[in-house]
Amino acid sequence: MSKSHILILDDDIDVLNAARLLLKQHVDNVDFERNPKYLPEKIRSNRYDALLLDMNYTEDFSSGEEGFRLLAQVQELDPALSVILITAYGDVEKAVNAVKQGASDFVLKPWQNEKLVATVSNAINLTKSRRKVERLQLQQQEISEQNGSRYPRMIGESEAMKEVFTTIDKVAGTEANVLILGENGTGKELVARALHKQSKRSNEIFLSVDMGTIPENLFESELFGFMPGAFTDAQKEKAGRIEIASGGTLFLDEIGNLPLPMQSKLLSVLETRKVSRLGSTRVTDIDIRLISATNMPVHEMSESNEFRQDLLYRINTIEITLPPLRARKEDIPLLARHYLKQYAARYKNQVKEISKEGEKKLVNYHWPGNIRELQHAVERAVIMADSETLNAGDFLLHSKSGTSDEPNFEQYSLVELEKIAVGKALKRNAGNISKAADDLGLTRASLYRRMEKYDL
């Protein structure tokens with residue numbers, strides 16, 4: 001219970017204080033609210049682990065109808081949240097009805113402290129279990145979607161991408177080594193995974209090694225492995241990435257970063273199909289399908305002796321060049337809508353679409369960071385969204401000179417982003433509180449509280 005967050009909703013201040021004083025001994029965060037009209041806002045703004053909900057407010061003092069209506073509201077906003085209904089006017093029929101309608105439990109006032117603590121603990125555990133199931137279902141859905149697609153998470157209808165898909169179809173079933181060329185953020189690893197998925201090795205390991213992140217002095221030990229005592233910190237035997245990938249596909253990303261001495265050793269392994277760990281004379285047979293990728297001009301590098309020409313011939317039996325996003329503009333709206341759906345679900349946001357003006361702005365942008373930059377731009381826009389539609393002004397994009405057409409929010413916390421969103425809404429509506437509150441999906445009172453909180 002200690003790392004949990006709960007909400008108590010009751011119009012009796014004495015009840016709120018009693019419950020808060022009791023439960024804050026067991027729960028890190030205890031929020032309370034007297035007015036039921038603020039419940040939806042509370043649920044949207046926080047991820048609670050349990051809700052204690054009074055059943056009777058202003059309409060009457062005993063029927064519990066208000067409580068049941070609020071319960072239905074909560075279930076729509078956050079189906080996984082466990083709700084404990086509390087009332088001073090209880091009977092068996094009402095308790096049974098509460099459970100039937102989805103409450104996790106039913107508590108009578110005045111309560112027994114130990115029983116209330118146990119009830120809240122059970123509700124918290126139930127909520128966390130439901131959220132875990134939700135997460136597993138989403139993961140399984142993602143896996144199923146990928147398994148149902150020959151090109152996992154690859155999106156594109158442009159002629160340039162159709163050519164890439166055609167090449168993948170022709171090459172995947174062979175054992176040919178493939179070199180994937182393209183700028184950063186164009187999806188080189190996705191192509192490698194698609195090749196593996198359609199290959200005869202699809203049930204074996206796909207091992208990705210980012211050569212750009214390995215320090216130069218560790219290339220040999222990482223790729224080939226080592227024996228105890230091979231170097232100062234080598235205390236026990238370790239297999240290298242090439243050996244581990246045997247039987248499956250080895251993906252060497254950013255292979256252009258491989259130093260010349262390592263290029264020679266990699267070439268030897270590819271030619272002999274044998275590997276020897278650092279500090280050992282023992283050779284191990286390996287069976288890998290090699291896929292490499294780089295954003296560097298390896299053909300020019302081979303001409304200037306910065307990259308071994310014989311290694312280049314070995315790794316690029318087939319070459320696939322991925323187009324930059326600016327060369328496949330017709331795919332931009334499709335990709336943007338895909339990421340919109342993804343991030344709206346992740347952040348439980350109500351954003352549903354991108355306006356024509358918004359799509360036009362995305363299509364006309366030059367995208368130096370390619371798909372990765374588009375993905376981040378849509379994510380930021382969803383987080384900062386003021387309505388169900390993303391408009392041109394919601395996308396933070398940079399000019400070719402490197403300047404931004406809006407403030408850079410990338411390093412801000414969610415609290416800071418909320419402050420900025422409130423400030424933007426007030427400015428956009430010329431200080432009109434009602435209109436700004438409507439834009440933000442808040443009540444006037446909620447907006448006033450945020451204005452006071454952020455000194456706006």
Distance only, no hydrogens: is a donor on one side chain within 3.5 Å (strictly under) of an acceptor on the other, for [X] and [Y]?
| X | Y | result |
| --- | --- | --- |
| S82 | T127 | yes |
| T186 | N370 | no |
| K238 | S221 | no |
| H5 | D31 | yes |
| N46 | Y48 | yes |
| S158 | D331 | yes |
| H299 | Q309 | no |

message: Determine whether K188 and T294 satisfy the following criterion, side chain to side chain donor-acceptor pair (under 3.5 Å), listing intermediate values before the conclusion.
response: CA-CA 8 Å; K188 295 187 287 295; T294 184; over 6 Å; no

Is a side-chain N or O of [X] found less than 3.5 angstrom from the main chain of [Y], in a donor-acceptor match?
| X | Y | value |
| --- | --- | --- |
| R308 | L260 | no |
| Q198 | G173 | no |
| N391 | G358 | no |
| T213 | D210 | yes |
| W367 | I332 | no |
| N349 | V382 | yes |
| R289 | T174 | yes |

Hey, are [X] and [Y] close enough for a salt bridge, meaning a charged N less than 4.0 Å from a carboxylate O?
| X | Y | value |
| --- | --- | --- |
| R277 | E220 | no |
| R201 | E175 | yes |
| K162 | E157 | no |
| K274 | D285 | yes |
| E189 | R193 | yes |

Around [X], counting heavy atoms of other residues, nucleotides and ligands shown, do more than 12 lie under 6.0 Å from its [atom1]?
| X | atom1 | answer |
| --- | --- | --- |
| K42 | NZ | yes |
| K360 | NZ | no |
| Y38 | OH | yes |
| Y313 | OH | no |

task: Check step by step if side-chain contact (heavy atoms from CB on, under 4.5 Å) holds for K427 and K424.
output: CA-CA 5 Å; K427 183 178 180 180; K424 283 173 61 181; 5.8 Å; no

task: Run the numbers on L250 and I291 for side-chain contact (heavy atoms from CB on, under 4.5 Å), then give the verdict.
output: CA-CA 6 Å; L250 177 66; I291 301 176; over 6 Å; no

- prompt: Taking all atoms of both residues into account, what is the closest heavy-atom pair of E319 and L181, and its distance?
  reply: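 Shortest heavy-atom contact: OE2-CD1, 3.4 Å.
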
message: Quick check on side-chain hydrogen bond (donor to acceptor under 3.5 Å, both in side chains): which of Q73, R131, R47 does D78 satisfy it with?
response: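 Single side-chain hydrogen bond (donor to acceptor under 3.5 Å, both in side chains) partner of D78 among Q73, R131, R47: R131.
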
